K.L.:
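The structure follows.
Because the structure is predicted, anything quoted here is derived from the model rather than measured. Here is how names work: the chains are called A, B, and so on, in the same order as the sequence lines, proteins then strands, and each is numbered from 1. Basis for what follows: all heavy atoms, side chains included, without hydrogens, waters or symmetry-related copies.
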There are 4 protein chains.
Amino acid sequence: MGVAERKQREKEARIKSIKKSAGRLFAKKGFSNVSMAEIAAAAEVSKGALYLYFKSKEELYFSLIEPILEQHHKLIAEVIKNEEEPPDETLRKFFNYFANTYPNDPEVHQAYMYFRAEEIQPLFSEERFRQVTRRMAKNVQMVEDVIAKGIRQGIFKPINPRAVSSIVWSLVMGILRWEENRKYGGGRDQLQSTIEAAVNLLVDGLRVCSAEPDRFGHESKEQS
Amino acid sequence: MGVAERKQREKEARIKSIKKSAGRLFAKKGFSNVSMAEIAAAAEVSKGALYLYFKSKEELYFSLIEPILEQHHKLIAEVIKNEEEPPDETLRKFFNYFANTYPNDPEVHQAYMYFRAEEIQPLFSEERFRQVTRRMAKNVQMVEDVIAKGIRQGIFKPINPRAVSSIVWSLVMGILRWEENRKYGGGRDQLQSTIEAAVNLLVDGLRVCSAEPDRFGHESKEQS
Amino acid sequence: MGVAERKQREKEARIKSIKKSAGRLFAKKGFSNVSMAEIAAAAEVSKGALYLYFKSKEELYFSLIEPILEQHHKLIAEVIKNEEEPPDETLRKFFNYFANTYPNDPEVHQAYMYFRAEEIQPLFSEERFRQVTRRMAKNVQMVEDVIAKGIRQGIFKPINPRAVSSIVWSLVMGILRWEENRKYGGGRDQLQSTIEAAVNLLVDGLRVCSAEPDRFGHESKEQS
Amino acid sequence: MGVAERKQREKEARIKSIKKSAGRLFAKKGFSNVSMAEIAAAAEVSKGALYLYFKSKEELYFSLIEPILEQHHKLIAEVIKNEEEPPDETLRKFFNYFANTYPNDPEVHQAYMYFRAEEIQPLFSEERFRQVTRRMAKNVQMVEDVIAKGIRQGIFKPINPRAVSSIVWSLVMGILRWEENRKYGGGRDQLQSTIEAAVNLLVDGLRVCSAEPDRFGHESKEQS
DNA sequence: TATGAATGAGGCTTCATTCAT
DNA sequence: CATGAATGAAGCCTCATTCAT
């Protein structure tokens, strides 16, 4: 029994190690520029071992993408269900979610960011591809809902919520990518502060900029 | 002489054709998923001809990246030198620059977007790589200067200009990518409107949100 | 012009050389036991060159099988159209066809003999597979027709022509294989004489033999 | 003791099961297209267990071939020793032996049919290879002896007995293969009837046929 | 004794690059 | 200059075999 458990643990550790290495590499160099041999070497397993756990390179990639999409979905769903919460707060949480989870698993997040429809589609089975895009679409929809709620509540200006959702996702993904490049270039890690600045700008931009002086004072406190 | 000139013209046309085809393909499928044979076929030249004009696949890629960086640099330099122009207007122009030029040459812009330090570095000579990153750094610096000017002029809130510059670039790059994926997925092309919405949000977010009602009225006109 | 022609000739020579080597190897070791690297080495070309002329290993194999099937078909068709010719003579020609052509191109014939439905099917496209089996069926049919004619003419005993066709093909293929094995084992080449003996036995066995009614009656009892 | 016996029995059952599965698979797909994993799964043992009983894949294959050769040898020896029996009857028995035993164990017989000198030699140790070929040669010799006896007895025409032996073996092997392919193609199983038709034809062809001298003369001219 | 995870050699195929024409 | 056939390294994947348990 103890043996079986240990084996199970070891197996899981191995899978995790492979995923970690693969995620790092995919994130660093993109899907096609990473060879299975490279991944195997990074994970310190044999080439063959990769295929013990993942049917193919695509499967491995997918196994990295999929849980992130799932995770995002859940997170946002959770937040959105909180009807009490002001939408700007929700947005802040959304951004912070990335700022907080990204550093724990940057590689995997990046592999997701690196998802490019036109590059990936020919490599994946149609079903897999659709599965990913559908999930992504849902995630976008949820942000859209937050924005729409804000508009209904009169907190946000009446802007096309779908456009804002695109902007929000573009902004987050863009920043993650940007900061990663910066870090790689030797710059300091400023993900947290950049994300924070971004969400502040965004929320300020979205907000119905009030006429009352004290409102402004209140806002400037938040932004500082 | 006339012959020599014609030959020269033909040569240039050929190079242009190759670049166009290569740009389109790189943008569509990424660097590694495009073969030289594909590019040659698209440009209607022989594989060998590619190597007459470009030392390698990397060189060809670089030849696409480089002028864009140069172009960006010049454009922003131009704008920035216009000391009279309000910085928010400058930002608007910056975003519009992408919205306007991208559709003309989406391939090349995208090839630039795909430039990711860690992916590209192993493919390029160290010198080339440094050249590109240096150029990019300059571009970032120029946006930073615009923001700084806005802050000095009291038009923008006092936010770390470097952070804002990162955000601006992240946002633009993120949107281009995002919209490309959306387009590929069969969605309508909404690059123009998304960019416009984004810059409006950004400028509103940056602006010192005034207490005067009419200022607000003025702003909302711009945004609508 | 001369250059183009020479190139064409060289190309054809190369293809022929590849086919020759491939045929020899397939015949010797079967489809799956031969590697493309082996074929390339035997043909003294690079691995890549194989793919200049053949899309895949299967395609190469098919290119060896197909013309033989075609050839057989034509030959038998020709013979059969000769309505004047006694069927036993036709059979003799059929056997001699193999005895005569096999030594010129033993490898290719063997690659054909080596065709095994269950081994090949999973490796080939459904269409290719059907194409081959259909052609084979036609070839069998033609021999059947010869036998049927002989029976109608009263030259052959009334035996199920389809069974005889199977036997004829089995016999020819069996002998080619058998003799090849013998030759490989160091034995003398006796293909010609074996084939001749076989066809003599076969024709004698088929022929309405005895003049005496009761002898025939006796035989037919045995055969029924 | 009882335990030891049971273990022994279990072990033998296991070996038998492995051989059965392996034979079936080899027959269906050929030597190289069958993986050890496949065999293990079919036999419901672990991959490792295969190597407990067989040193290698080749050894396993050999263990299937060898007893058949042995069996053939014994059977024919038995038959031949029956000096009383008319040789045509012996031939009939020989053919029937295949027709009767093949369906019980088609896999193993086929694995034997696939034995082709040039394919197998590189896979086996020299000693093993020689062992198999020697055994086969003996088998051929025995058929030859039957034919020779028939000729001596005046029952068969005076034809080269060695040639006839080759033909007999070629015919049997050819038919087994042919019928297997037919069956795979969806056709009805006609092994029994085909074998019977074949032996009838063969015996008729071999037999000193006509009562009239000139008929025989005519024939013998053809055959010589 | 039995297992099956792990290994790594080797198979098919693609493709950047060269070079004879 | 231009071509495209040829090369061979490298990529993905399979599988016979081993070995720790």
K.L.:
Mind running side chain to side chain contact (heavy atoms under 4.5 Å, CB included) on A:Arg14 and A:Glu10 for me, showing each step along the way?
P.N.:
CA-CA 6 Å; A:Arg14 217 158 233 262; A:Glu10 279 174 6; over 6 Å; no
K.L.:
Using purine N1 to pyrimidine N3 plus N6-O4 or O6-N4 for Watson-Crick, or N1-O2 and O6-N3 for G-U wobble, each under 3.5 Å, what pairs with E:dT13?
P.N.:
F:dA10
K.L.:
For nucleotides 9-15 of chain E, read 5' to 3', which letter fits each nucleotide if B means a protein heavy atom sits under 4.0 Å from the base, S means only the sugar-phosphate is that close, and - means neither?
P.N.:
-BSSBBS
K.L.:
Side chains of C:Glu66 and C:Val132: closer than 4.5 Å at any heavy-atom pair?
P.N.:
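No - every pair of side-chain heavy atoms lies 4.5 Å or more apart.
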K.L.:
Side chains of D:Ser56 and D:Glu59: does their closest heavy-atom pair fall under 4.5 Å?
P.N.:
yes
K.L.:
Can you check the B:Leu50 CG to F:dG4 P distance for me, whole Å?
P.N.:
13 Å
K.L.:
Between D:Tyr53 and E:dA2, is there a contact of a side-chain N or O with OP1 or OP2 at under 4.0 Å?
P.N.:
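Yes.
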K.L.:
Starting from C1' on E:dA20, measure out to CD on C:Glu10 and report it in whole angstrom.
P.N.:
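From C:Glu10 CD to E:dA20 C1': 11 Å.
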K.L.:
Return the nearest nucleotide to the side chain of D:Leu52; candidates are E:dG8, F:dT7, E:dT1.
P.N.:
E:dT1
K.L.:
Expressed in angstrom and rounded to an integer, what is the separation of A:Tyr61 atom OH from F:dC12 atom C1'?
P.N.:
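Taking OH of A:Tyr61 and C1' of F:dC12, I get 18 Å after rounding.
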K.L.:
Report yes if the side chains of D:Ser35 and D:Glu38 come closer than 4.5 Å at any heavy-atom pair, otherwise no.
P.N.:
yes
K.L.:
Base, sugar-phosphate, or nothing for B:Lys11, non-hydrogen atoms under 4.0 angstrom?
P.N.:
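The answer is sugar-phosphate, as B:Lys11 gets under 4.0 Å only of primed atoms, P, OP1 or OP2.
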K.L.:
Do D:Asn33 and D:Phe26 have side-chain heavy atoms sitting under 4.5 Å apart?
P.N.:
no
K.L.:
State, yes or no, whether a side-chain contact exists between B:Met36 and B:Ile39 at a heavy-atom distance under 4.5 Å.
P.N.:
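Yes, at least one pair of side-chain atoms sits under 4.5 Å.
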K.L.:
Mind checking whether C:Lys19 and C:Tyr53 have side chains closer than 4.5 Å, heavy atoms only?
P.N.:
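In short, these two side chains do not touch, never coming nearer than 4.5 Å.
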K.L.:
For A:Glu44 and E:dG8, what is the distance between atoms CD and P respectively, to the nearest whole Å?
P.N.:
13 Å
K.L.:
Is the phosphate of F:dC1, meaning OP1 or OP2, less than 4.0 Å from a side-chain N or O of B:Arg14?
P.N.:
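Answer is no, no contact under 4.0 Å.
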K.L.:
Nearest whole angstrom, please: distance from the C1' of E:dT18 to the CD of B:Glu59.
P.N.:
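So the CD-C1' distance, B:Glu59 to E:dT18, works out to 17 Å.
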K.L.:
Applying the Watson-Crick and G-U wobble criteria at under 3.5 Å, what pairs with E:dT21? Answer none if nothing qualifies.
P.N.:
F:dA2
